[in-house]
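As structure tokens, the structure follows; a few thoughts come after it.
The chains referred to below are lettered A, B, ... by the order of the sequence lines, with proteins before strands, and numbering in each begins at 1. Keep in mind it's a predicted model, so treat the numbers as computed, not measured.
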Amino acid sequence: MNKVKVFSIINIIIAFLFFGVLISRSYQEIDVANGGAITGDVKFIGKPEALPPLKVTKDNNVCGSQKPSEELIVSKSGGVKNTVITIEKIEKGKKIPKEEASITNQNCQYIPHVQAMVAGNFLNIINSDPILHNTHGYLNQTETTFNLALPIKDQKIKKKIKKIGIMNITCDAGHTWMSAYIAVTENPYYAVTGDNGTFEIADIPAGKYQLKAWHEKLGTQVAEVTVTEKGKAKVVFDKLKK
Amino acid sequence: MIKVSKKFFTTIATLVMALGWNICSAQIKETPELVEKGEEVFKRECVVCHGEKAQGDGTAAYLLFPKPRNLTRSVFKVRSTPTGEPPTDEDLFRTLTEGLPGSAMPSFRSLTDEERRGLVSYVKKLANISEAPERVINVSQEPAFTSSMLTQGKEVYTKLKCWECHGNEGKGDGPSSLTTKDELGYPAPPNNFTRGIYKGGGSNSDIYLRFTTGMDGTPMPSYEDSVNEEERWALVQYVRSLAGSKVAVQPGGGDVVVKRVSGKVSLNPLSPVWGKVEAIKVQVMLLWQRQESVDSVSVKAVHNGKDIAFLLEWEDLSPQARFTRHQDFTDGAAVQFPVVPAGTTLFSMGAKEKTVNIWFWRADMQLDIEKKKFHDIEDSYAGMVSDDYQLARDLYPKSIEKPLIQPIGAVIEQDPVYITGWGAGNFVSIPKRKSPVENLNSEGFSTLTARGIDEQNVNGQGIWDSGKWKVVFARSLSSENKFDANFTPGQQIPIAFALWDGTQGDRNGQKSVTPWYNLKIEK
């Protein structure tokens with residue numbers, strides 16, 4: 001009996017090792033010398049509609065009475081914040097940083113609102129509010145990736161994020177206005193646009209790539225980009241659509 | 001990169017073999033034959049709700065709440081694994097075997113072990129589950145019950161904010177209860193613990209697992225990182241205490257014996273002859289969930305070599321037989337048999353060329369019989385008048401002496417020629433009824449067909465007594481008609497049951513049902 005158990009444990013370990021081999025095979029880590037970069041802007045053409053603030057319907061003492069809508073933030077010069085830029089289907093490239101991402105429930109709002117991380121890395125889910133938050137990650141809108149209760153202030157739960165796709169984070173504890181997005185990527189070549197709508201992705205091996213922009217409200221746009229050694233390619237996304 | 005050597009290949013081969021062995025020992029041994037078997041059973045038993053492509057969109061799906069699972073997405077509520085992880089084979093097997101109380105997922109314990117194992121393998125294939133879950137949550141040793149656990153459990157319930165959804169008294173009515181939605185945006189009301197309905201089973205370890213793992217695809221989160229072992233067991237005891245000893249069970253088939261008796265078969269539900277027959281408790285499941293529902297029907301069955309009779313009894317504290325206003329619905333009950341018992345027929349009202357025979361008792365028809373007249377709107381609302389039936393024999397041609405306004409209840413005095421349903425011999429429209437039971441056939445949804453008046457051969461009687469409906473269905477054992485079920489002493493035939501609660505708005509596909517039971521007719 002004991003022998004069987006030991007054998008079984010060994011097998012589980014072997015199985016994990018084996019799957020490990022399988023997972024890392026889809027993206028190959030190499031040393032990138034003389035890599036190029038892609039910089040660019042995400043632009044909104046025209047005048048964006050002003051989105052009304054979100055009404056807070058629960059726990060007003062902690063959450064306040066309303067929250068600004070983060071669905072579409074456009075700078076004065078037309079730069080679109082919170083757009084996720086990714087390189088699609090890159091077979092080899094720079095090492096995947098073993099860094100942990102985090103999302104914080106703070107004053108009944110997710111911080112950050114949009115971020116990206118590589119599949120296989122850990123996400124810390126944090127509650128800094130003295131109330132119950134119920135952080136529910138839905139991959140591709142409908143597949144539960146995690147569904148965690150955070151009833152205690154300053155609680156932190158670490159969760160490995162395994163599947164690739166756009167994950168929508170919602171709060172099932174009656175905080176219906178709360179929403180955030182995490183783009184889970186296969187490779188470390190990603191960026192999220194800042195306040196002025198710009199981005200930069202560096203250390204890319206020379207080659208032709210498909211660069212994809214995704215924004216929660218505006219949709220997506222794909223561009224063909226050629227990266228040269230030590231070069232800087234420039235891309236402007238201004239035709240995102242759903 | 002790596003130079004692929006012969007040795008490397010051997011290592012990989014060993015790993016693959018070892019991996020295969022590992023799956024064999026920890027999980028169900030999956031073979032292509034087993035998956036194929038599962039697919040065959042799935043096509044037979046599951047598609048009506050889960051759909052041909054298992055996307056939760058079968059032809060019955062619109063009648064069901066909660067909705068049938070989209071099995072292609074690998075999101076499962078009842079698991080013993082952390083949130084976001086796939087269930088174990090055992091979890092899936094258990095859901096198939098026990099069903100999900102509080103939903104229309106019945107127990108499939110009437111399938112063989114192999115069929116259920118096949119289904120597990122096939123469902124995993126549909127859901128694209130290729131890896132084992134990263135770990136299984138270990139249910140710790142349960143401490144012995146002490147009453148202080150209830151006090152502690154209540155504290156934990158408060159501290160973890162369970163009440164925000166489930167309410168202070170566990171009735172599912174907390175402040176967030178109206179905002180909770182499932183992954184598709186459908187309302188997902190929090191469980192009312194006082195009813196003893198637990199989707200993942202009612203044992204203490206089941207309840208422990210539900211809040212520890214959470215229920216993926218619903219707003220019920222995982223509390224694995226929020227509560228220690230002692231608190232978990234206290235919470236289990238407290239949640240259990242809210243329902244007393246009640247634990248809902250899903251129907252899953254079983255035997256119903258038709259006892260052979262001598263003498264006449266009585267139509268009277270209160271006849272002492274029924275006292276000599278053992279009752280079988282048949283669990284029923286609501287298709288569309290609500291807070292109040294009957295959970296079982298008591299069934300007695302007898303035959304005397306010539307006639308067969310069933311007595312159904314179920315609790316209903318608000319009998320409803322009025323059927324006159326648009327918003328009124330009547331209580332009812334039905335039994336269903338396949339016309340040809342051999343082969344497999346869906347319990348969901350048959351399928352093409354797999355005709356079922358349905359006997360449908362309705363409280364409104366019973367009332368017509370008791371009153372020896374058509375119970376019409378002025379019977380519900382005394383003094384109500386309306387326009388006359390324009391072409392009534394006695395009223396046409398109209399004369400000054402006769403009033404133009406007549407109660408509708410005078411329908412029997414009218415000429416059937418002008419009351420088309422009656423005139424055409426539609427059983428539903430007959431104002432003078434002989435039986436409160438309709439004889440019908442069906443070959444799937446939207447095909448329910450009433451038989452002609454001369455083929456109405458099922459008799460019955462229903463009485464509301466002591467807070468219960470008590471209804472007898474009776475017919476001769478054999479029938480010449482090819483659309484009638486036949487009952488042969490010494491043999492077996494599938495039987496299924498359905499109940500409608502008119503007060504709750506039940507009608508048509510909004511009802512409580514059972515899967516097939518096995519009717520054993522004594523020699």
Side-chain angles (χ1 to χ4, degrees), chain A residues 4-5 7-19 21-23 25 28-30 57-59 92 123 125 127 131-152 155-163 167-168 170-177, chain B residues 1 12 14-26 70 72-77 82-85 130-132 134-135 156 158-165 174-185 188 190 211 213-227:
Chain A
V4 174
K5 255 190 188 166
F7 194 23
S8 168
I9 288 165
I10 290 170
N11 274 312
I12 291 169
I13 294 165
I14 291 172
F16 274 112
L17 288 173
F18 185 60
F19 278 123
V21 171
L22 275 184
I23 287 167
R25 261 232 306 247
Q28 199 186 321
E29 294 180 338
I30 53 165
T57 49
K58 193 173 173 247
D59 296 316
K92 44 185 148 183
L123 175 70
I125 300 120
N127 179 11
I131 52 170
L132 171 74
H133 282 300
N134 178 351
T135 308
H136 199 157
Y138 279 120
L139 190 73
N140 306 324
Q141 297 293 336
T142 54
E143 295 164 42
T144 297
T145 307
F146 57 82
N147 182 8
L148 298 162
L150 297 133
I152 304 153
Q155 196 172 357
K156 177 166 133 181
I157 300 174
K158 193 189 260 198
K159 193 81 193 164
K160 189 171 188 174
I161 304 300
K162 297 175 180 172
K163 288 189 185 169
M167 190 156 55
N168 184 209
T170 58
C171 183
D172 288 331
H175 304 137
T176 48
W177 62 90
Chain B
M1 233 199 94
I12 289 289
T14 317
L15 286 175
V16 171
M17 275 163 65
L19 178 67
W21 190 88
N22 179 54
I23 286 171
C24 296
S25 62
N70 177 344
T72 65
R73 276 212 238 92
S74 186
V75 176
F76 293 90
K77 288 178 194 163
T83 176
E85 288 295 312
S130 52
E131 291 178 48
E134 79 182 11
R135 65 193 160 90
V156 176
T158 309
K159 186 179 104 182
L160 297 183
K161 317 276 174 29
C162 305
W163 57 272
E164 284 202 8
C165 291
S176 292
S177 62
L178 294 176
T179 67
T180 47
K181 294 204 167 86
D182 70 6
E183 79 267 43
L184 300 173
F211 64 77
T213 66
M215 298 175 83
D216 288 356
T218 83
M220 176 67 201
S222 159
Y223 279 90
E224 196 187 0
D225 302 277
S226 309
V227 57

Any donor-acceptor N/O pair, [X] side chain to [Y] backbone, under 3.5 Å:
X	Y	result
A/Lys159	B/Thr83	yes
A/Asn134	B/Pro219	yes
A/Asn147	B/Thr218	yes

field: Region of B/Glu224 that comes under 4.5 Å of a non-hydrogen atom in chain A
entry: neither

- line: So, the part of B/Asn70 with a heavy atom under 4.5 Å from chain A: the answer is neither

query: Of all of A/Thr57, A/Ile30, A/Thr144, which one pairs up most often with chain B through heavy atoms under 4.5 Å apart?
result: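 Ranked by contacts with chain B, first place is A/Thr144.
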
task: Could you check which of A/Asp172, A/Asn140, A/Leu150 has the highest count of heavy-atom pairs closer than 4.5 Å to chain B?
output: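 Ranked by contacts with chain B, first place is A/Asp172.
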
message: To check you understand the geometry: which heavy-atom pair defines the closest contact between A/Ala173 and B/Glu164, and what is its length?
response: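 Between these two residues, the closest heavy atoms are O-OE1, 4.0 Å.
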
query: How close do A/Pro151 and B/Lys161 get, heavy atom to heavy atom, and via which atoms?
result: O-NZ, 3.5 Å

Heavy-atom contact with chain B under 4.5 Å, split by part of [X]:
X	result
A/Ile152	side chain
A/Phe146	both
A/Leu139	neither
A/Thr145	backbone
A/Leu148	both

How many angstroms lie between [atom1] in [X] and [atom2] in [Y], if you round to the nearest 0.5 Å?
X	Y	atom1	atom2	answer
B/Glu183	A/Thr170	CD	OG1	11.0 Å
B/Asp216	A/His136	CG	NE2	6.0 Å
B/Thr179	A/His175	OG1	NE2	9.0 Å
B/Asp182	A/Tyr138	CG	OH	6.5 Å

Under a 4.5 Å cutoff for heavy-atom pairs, which residue among [options] has the most contacts with chain A?
options	result
B/Ala188, B/Gly214, B/Gly217, B/Gly185	B/Gly217
B/Glu85, B/Met215, B/Lys181	B/Glu85
B/Pro221, B/Gly174, B/Cys165	B/Pro221
B/Ser177, B/Pro82, B/Gly84	B/Gly84

A/Lys162 and B/Glu134 ion-paired at < 4.0 Å: yes

- prompt: B/Ser226: what forms a side chain to side chain donor-acceptor pair (under 3.5 Å) with it, not counting sequence neighbours?
  reply: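 For B/Ser226 the side chain to side chain donor-acceptor pair (under 3.5 Å) partners, ignoring immediate neighbours, are A/Gln155.
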
